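Only this structure's heavy atoms are used, side chains among them; waters, hydrogens and symmetry mates stay out. Order of listing sets the numbers, starting from 1, for every ligand and every atom in it. From a predicted model like this one, the values you see are computed outputs, not experimental measurements.
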Amino acid sequence: MAVVSDRLRDKVVLLTGGTGGLGVEIAHRLAGEDARVVVTDLDVARCRETVRTLAVPDRHDAHSLDVTCEVSWTTVISAIEDRYGALHALVNNAAIGSVATVENESMQTWDRVIGVGQTGTWLGMKHAGPLIERSGGGSIVNMCSILGTVGGIGNSVAYAAAKGAVRTMTKNAALHWAKSGVRVNSLHPGFIGTPQLLERWEGSERHREMLAGTPMGRLGRVEEIAAAVAFLAGDDSTFVTGSEIYADGGWTAA
Ligand SMILES: NC(=O)c1ccc[n+]([C@@H]2O[C@H](COP(=O)([O-])OP(=O)(O)OC[C@H]3O[C@@H](n4cnc5c(N)ncnc54)[C@H](O)[C@@H]3O)[C@@H](O)[C@H]2O)c1
């Protein structure tokens with residue numbers, strides 16, 4: 001995709017869940033706009049593989065980061081400070097899902113989904129925010145979902161709880177940092193045709209429900225979400241904070 005401007009040029013961006021379906025595309029989009037991307041995920045070998053495929057791999061970095069672990073965050077933040085001396089954006093992208101309903105979700109899965117999606121997002125803001133502030137300001141993009149706002153198709157209760165918290169934590173943190181130059185926004189994709197999602201659901205009843213609930217009648221494309229991340233992470237959105245952007249083919253308008 002064509003470079004839109006220099007809104008991300010030389011900005012250091014920390015990306016979590018960077019080897020997943022959306023993460024890889026986001027890393028490519030940011031690197032394509034000349035950002036320096038710190039790709040993180042649970043498996044550092046996969047992070048390195050992703051970095052190898054980016055434009056000018058040496059400008060970027062790869063780290064293992066378990067977003068539920070506070071020490072993991074402090075380790076990666078100090079590695080970023082050592083190498084780059086600054087951080088300009090955090091993309092809190094890691095999350096896990098569960099399709100169980102309010103009646104059949106288990107405690108164990110509930111705790112994991114809330115741990116990664118909700119607590120992980122808070123820890124990211126807690127540890128990256130101060131470095132972004134010391135670096136002259138920047139942006140936190142919290143990956144949310146239509147399920148952070150509406151009921152979807154009546155399942156995924158733990159995921160909806162985590163994403164609902166991401167939506168309101170975003171506004172809370174945006175107000176906290178409003179005068180210190182750290183902007184915080186949530187991005188709410190509808191159903192996106194990542195390779196992982198298609199492999200799991202393509203052709204199923206659930207896939208038909210996703211399409212039927214989307215007024216545009218198709219799944220979103222990974223590059224459509226990466227484009228929204230690039231807008232929020234860079235200098236095209238300098239007056240946008242505490243806001244929520246929907247890239248959902250019209251789902252929440254219906
Ligand atoms: N794909 C969609 O349709 C869709 C829709 C709405 C929102 N989202 C959101 O977009 C984000 C990315 O989704 P995706 O489709 O790429 O998912 P994905 O499952 O392909 O990728 C998620 C990544 O998070 C990583 N991860 C899991 N637990 C982790 C932990 N404890 N610490 C660090 N990383 C961890 C996984 O290893 C994986 O690489 C998520 O926040 C998801 O909720 C996705």
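The nearest heavy-atom contact from the protein to atom 15 (O) of ligand 1 is Thr194 CG2, 3.8 Å. When only non-hydrogen protein atoms are considered, atom 26 (N) of ligand 1 lies nearest to Asp41 OD1, 3.9 Å. Atom 40 (C) of ligand 1 has as its closest protein heavy atom Asn93 O, 3.1 Å. Looking at atom 10 (O) of ligand 1, its nearest protein heavy atom turns out to be Met143 CG, 3.2 Å.
Residues Asn142 and Thr170 have side chains that bring a donor and an acceptor to within less than 3.5 angstrom of each other.
The shortest N or O to N or O distance between Tyr159 and ligand 1 is below 3.5 Å. Below 3.5 Å of separation, one finds an N or O of Leu22 facing an N or O of ligand 1. In terms of N/O distances under 3.5 Å, ligand 1 is approached by Gly21. By the 3.5 Å distance cut-off applied to N or O atoms, Leu197 is not counted among the residues near ligand 1. Looking at ligand 1, you won't find any N or O of Phe191 less than 3.5 Å from one of its N or O atoms.
Those atoms of ligand 1 that come under 4.0 Å of a heavy atom in Gly20, given as number and element, are 16 (O), 20 (O), 21 (O), 39 (O). Under a 4.0 Å criterion applied to the non-hydrogen atoms of Asp66, ligand 1 contributes the atoms 30 (C), 31 (N), 32 (N). Shown in contact with Ile96 at under 4.0 Å from a heavy atom are these atoms of ligand 1, numbered in order with element: 27 (C), 28 (N). Counting atoms of ligand 1 from 1 in the listed order, those under 4.0 Å from a heavy atom of Gly190 are 3 (O), 5 (C), 6 (C).
Of the options Gly148, Gly18, Ala95, the smallest heavy-atom separation from atom 22 (C) of ligand 1 is shown by Ala95.
For the side chain to side chain donor-acceptor pair (under 3.5 Å) condition, the pairs that include at least one residue of residues 197-207, sequence neighbours left out, are Glu205-Arg208.
Remark: Asp61 does not engage Arg36 in a salt bridge, criterion side-chain N to carboxylate O under 4.0 Å. Contact check on Glu25 versus Arg29 returns no salt bridge, with no Lys/Arg side-chain nitrogen under 4.0 Å from an Asp/Glu carboxylate oxygen.
Counting heavy atoms from C-beta outward, Asp235 and Lys11 have side chains that approach closer than 4.5 Å.
Applying the 4.5 Å side-chain rule to ILVMFWY residues, one finds Leu8, Val13, Leu15, Leu22, Ile26, Leu30, Val37, Val39, Val51, Leu54, Val91, Val141, Leu187, Ile192, Val222, Ile225, Val229, Phe231, Leu232, Val240, Ile245 in the same cluster as Met143.
Results of the side chain to side chain contact (heavy atoms under 4.5 Å, CB included) test with Ile140 over Thr121, Asn185, Leu90, Thr241 single out Leu90 as the only residue that passes.
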